[in-house]
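The structure appears right after this line, and notes come after that.
All values below were derived from every heavy atom in this structure, side-chain atoms included, with hydrogens, water molecules and symmetry-related copies excluded.
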Amino acid sequence: QLKLEDYKDRLKKGEALNQDQLEAVEKYDEVVHNLEFAKELQKTFSGLSQDLLKAQKKAQRRESLLKLEAEKKKLRTVLQVQYVLQNFTQEHVQKDFKGGVNGAIYLPSKELDYLIRFAKLTCPERNENL
């Protein structure tokens, strides 16, 4: 663009220009227009790029939150199962299931024994001193 402006100034001062230089001066307005268009296009692409980055970050945060919620749900389920299994280690609960009383269903001794052993294997004992 600077070279074209120089040619234009030289032409105004009456200097002789060769054919290529004259053609370049004739296309000055077109070149300026194309440069302005390119600048606008670059701004548009830059804005789109920023929007895309923001959308990607937002999607990553959302995905992280969904993963965290899924992990929390798994942990809640594990803790609930542990709580139920730990109750099978209490004598009064065992009596209720052996007799099918107090809202408990009847469980044969063998099945109840399996549940008690499973509970002892999967549920760590709590140290009451901690």
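- Taking the side chain as every heavy atom from C-beta outward, Lys54 and Lys58 never approach each other to under 4.5 Å.
- In summary, the aromatic rings of Phe88 and Phe118 are positioned with their centroids too far apart to meet the 6.0 Å limit.
- A 4.5 Å side-chain heavy-atom check between Glu23 and Gln19 finds at least one atom pair inside the cut-off.
- Contact between Val93 and Asn87 at its shortest, heavy atoms only, is CB-O, 3.1 Å.
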Could you go through the side chain to side chain contact (heavy atoms under 4.5 Å, CB included) check for Glu71 and Leu75 one step at a time? CA-CA 6 Å; Glu71 289 297 318; Leu75 182 58; over 6 Å; no
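- Annotation for Glu91: atom CD does not count as buried by contact number, only 12 or fewer foreign heavy atoms lying within 6.0 Å.
- Leu115 and Val78 are members of different hydrophobic clusters when ILVMFWY side chains are connected at heavy-atom separations under 4.5 Å.
- The pair Glu69-Lys72 meets the salt-bridge criterion, with a side-chain N (NZ, NE, NH1 or NH2) lying under 4.0 Å from an Asp/Glu carboxylate O.
- Side chains of Ile116 and Lys120 form a contact here, defined as non-hydrogen atoms less than 4.5 Å apart.
- Linking Ile, Leu, Val, Met, Phe, Trp and Tyr whenever their side-chain heavy atoms come within less than 4.5 Å leaves Leu112 and Tyr83 in two separate clusters.
- Remark: Asp113 engages Arg117 in a salt bridge, criterion side-chain N to carboxylate O under 4.0 Å.
- Between Ala119 and Leu85, the shortest heavy-atom contact is CB-O, 3.2 Å.
- Counting only heavy atoms from C-beta outward, the side chains of Gln42 and Lys39 never approach each other to under 4.5 Å.
- Residue pairs meeting the salt bridge (Lys or Arg N to Asp or Glu O under 4.0 Å) criterion with at least one member in residues 95-106: none, sequence neighbours excluded.
- No donor-acceptor pair closer than 3.5 Å links the side chain of Gln50 to the backbone N or O of Gly47.
- Remark: Phe45 CZ to Leu52 CG distance equals 13.0 Å, nearest 0.5 Å.
- Val84 has its side chain out of reach of Gln80: every pair of non-hydrogen atoms, C-beta onward, lies at least 4.5 Å apart.
- Distance check: Leu68 CG to Glu63 CD gives 12.5 Å after rounding to the nearest 0.5 Å.
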